[in-house]
2 protein chains.
Amino acid sequence: MKLSVKSDYAARAVLGLSRQYQSGKALRIEDLAKGQNIPQNYLVQILIELKSQKIVKSIRGKEGGYLLNKAPEDITFGEILRCIHGDIFEPAALGNNECPQALKSAWEKMQSCLDETADSIHFRAIMEEDNQTREMYYI
Amino acid sequence: MKLSVKSDYAARAVLGLSRQYQSGKALRIEDLAKGQNIPQNYLVQILIELKSQKIVKSIRGKEGGYLLNKAPEDITFGEILRCIHGDIFEPAALGNNECPQALKSAWEKMQSCLDETADSIHFRAIMEEDNQTREMYYI
DNA sequence: ATCACTTTTAACGGAAAGTTTCACTTTTAC
DNA sequence: GTAAAAGTGAAACTTTCCGTTAAAAGTGAT
């Protein structure tokens, strides 16, 4: 079951903005796109979705750009995924009356396992892990 | 993230065959399709995939049909999903060099959580749960 | 006011994947 | 040999994905 690249881009964008968070400065779409190797015009659409969920905010005009709307420790992986894909894991079975209840509960188990895992990962942790592996490459 | 109906159909088909398992008799595609409300011609394709993974076997000709190739307790939910979709959860990020390692490990956590859950559910349990809820409706 | 710089919004289009149906072939029991 | 079943390939159709384009609108400096 392949996941589209869209959520990958979104996660990378949020990580990119997380690195910038403490500076308080806005990052231009162009720079964010280049820094993360994301097609700029596609990133635009993604950022707007992230903004509509208040994960990110923007400043227009000169010196404008994007910033996180909350601290990285308050943004979870699950939040990002839900913003981009709706439910993280949405089996067709659950919306289908023909599906036996016992199978539905199997699907629900899968769903809640994924939800819980995704919600337990926040971007502060990702960023710190990221810093460590980056150090490793320097040494 | 919507899942296609294909794996729903596959799971229902295997459940249908599980019910039949102890009788040792083959079930015609037509009957299986009608019993589970699955488009018959689509079910054909799904059964062939299940057969190629030795989850199911078939008998051709008159009096032919489909049977499980193993006992329901030896068939897991994960097995079915992998048969239909390849990897159960395959984030685009993991095949992408541009994606920072820290994000990749987040994706990997999601992946293994789902794998473990799916592999812990087998069809004997689903069938028994199914029998119980069916009894409830009778009483 | 005008200009340069930025985000915002809407629409378009090719490619790929998902779902379904159809026609034809092969195998088997009787 | 005939009828009943699975096997196979492919066509038709719909939807989603990925990205591009172009125009609009807000912001601050000159």
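The figures that follow rest on heavy atoms only: side chains count, while hydrogens, waters and symmetry mates do not.
- Annotation: salt bridge (Lys or Arg N to Asp or Glu O under 4.0 Å) contacts of D87(B) (sequence neighbours excluded): none.
- For the segment residues 13-26 of chain A, the set of residues with a heavy atom within less than 4.0 Å of an atom of DNA chain D is empty.
- In the set dT19(C), dC18(D), dT7(C), the nucleotide with an atom closest to the side chain of K6(B) is dT19(C).
- Residues of residues 91-100 of chain B having a heavy atom closer than 4.0 Å to DNA chain C: none are found.
- Taking atom CE on M1(A) and atom C1' on dC17(D), their separation rounds to 15 Å, with Å as the unit.
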Where protein sits on nucleotides 24-30 of chain D, one letter per nucleotide: B base, S sugar-phosphate only, - none, heavy atoms under 4.0 Å: -BBB---
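- Follow the hydrophobic side-chain contacts under 4.5 Å out from V14(B) and you reach Y42(B) in the same cluster.
- Taking a 4.0 Å limit (strictly below) on heavy-atom distances, residues 34-48 of chain A reaches DNA chain C at V44(A), Q45(A), I48(A).
- Annotation: side chain of Q111(B) is in contact with side chain of L94(B) (closest heavy-atom distance under 4.5 Å).
- A 4.5 Å side-chain heavy-atom check between R82(B) and D115(B) finds at least one atom pair inside the cut-off.
- If V5(A) and L27(B) are placed on DNA chain D by their nearest nucleotide, the residue sitting closer to the 5' end is L27(B).
- Annotation: side chain to side chain contact (heavy atoms under 4.5 Å, CB included) contacts of S58(A) (sequence neighbours excluded): K51(A), Y66(A).
- Nearest heavy-atom pair across P72(B) and Y21(B) is CD-CD2, 3.4 Å.
- Note: OH (Y66(B)) to P (dT28(C)) measures 14 Å, nearest angstrom.
- Sorted by first and then second residue, the pairs that involve residues 100-109 of chain A and meet side chain to side chain donor-acceptor pair (under 3.5 Å), not counting sequence neighbours, are S105(A)-E129(B).
- Within the 4.5 Å cutoff, the side chain of L50(A) has heavy atoms near those of the L47(A) side chain.
- In this structure, E63(A) atom CD and dA4(C) atom P are separated by 17 Å, rounded to whole Å.
- As rounded to whole Å, 15 Å separates atom C1' of dG19(D) from atom CG of D8(A).
- Considering only heavy atoms from C-beta on, I80(A) comes within 4.5 Å of F123(A) through its side chain.
- Qualifying side-chain hydrogen bond (donor to acceptor under 3.5 Å, both in side chains) partners for S4(B), counting only residues two or more places apart in sequence or in other chains: none.
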Would you mind writing out the side-chain donor-acceptor pairs for residues 34-41 of chain B within the sub-3.5 Å range, not counting sequence neighbours?
from, atom 1, to, atom 2, distance (Å)
K34(B), NZ, E30(B), OE2, 2.9
N37(B), ND2, E98(A), OE2, 3.4

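- Summarising the geometry, atom CG belonging to L3(A) is positioned 9.0 Å from atom CD belonging to E90(B); distances are rounded to the nearest 0.5 Å.
- Residues M110(A) and P91(A) form no side-chain contact, since every pair of their non-hydrogen atoms from C-beta on lies 4.5 Å or further apart.
- Consecutive Watson-Crick or G-U pairing (both distances under 3.5 Å) extending over three or more pairs maps onto DNA chain D as C:1-30 with D:1-30.
- For residues 7-24 of chain B, every residue pair satisfying the salt bridge (charged side-chain N to carboxylate O under 4.0 Å, His left out) rule, not counting sequence neighbours, is listed here: D8(B)-R12(B), R19(B)-D130(B).
- I55(A) and L67(A) fall into different hydrophobic clusters, where Ile, Leu, Val, Met, Phe, Trp and Tyr residues are linked whenever their side-chain heavy atoms come under 4.5 Å apart, directly or through other members.
- Side-chain N/O atoms of S4(B) include one lying less than 4.0 angstrom from OP1 or OP2 on dT19(C).
- Nearest-nucleotide mapping onto DNA chain C: of G64(A) and K2(A), the residue sitting toward the 5' end is G64(A).
- In this structure, CD of E49(B) is placed 12 Å from P of dT19(C), rounded to the nearest angstrom.
- Two residues are said to be in side-chain contact when any heavy atoms from C-beta on lie closer than 4.5 Å; F77(B) and T117(B) fail this criterion.
- The side chain to side chain donor-acceptor pair (under 3.5 Å) pairs that include a residue from residues 67-79 of chain B are K70(B)-E79(B), E73(B)-R124(B), where partners are two or more places apart or lie in different chains.
- Phosphate contact (OP1/OP2 of dG18(C), side-chain N/O of Y9(B), threshold under 4.0 Å): absent.
- Within 4.0 Å of K51(A), counting heavy atoms only, lie sugar-phosphate atoms of the nucleic acid but no base atom.
- Spacing between atom CZ of R28(B) and atom P of dA29(C) amounts to 16 Å, rounded to whole angstrom units.
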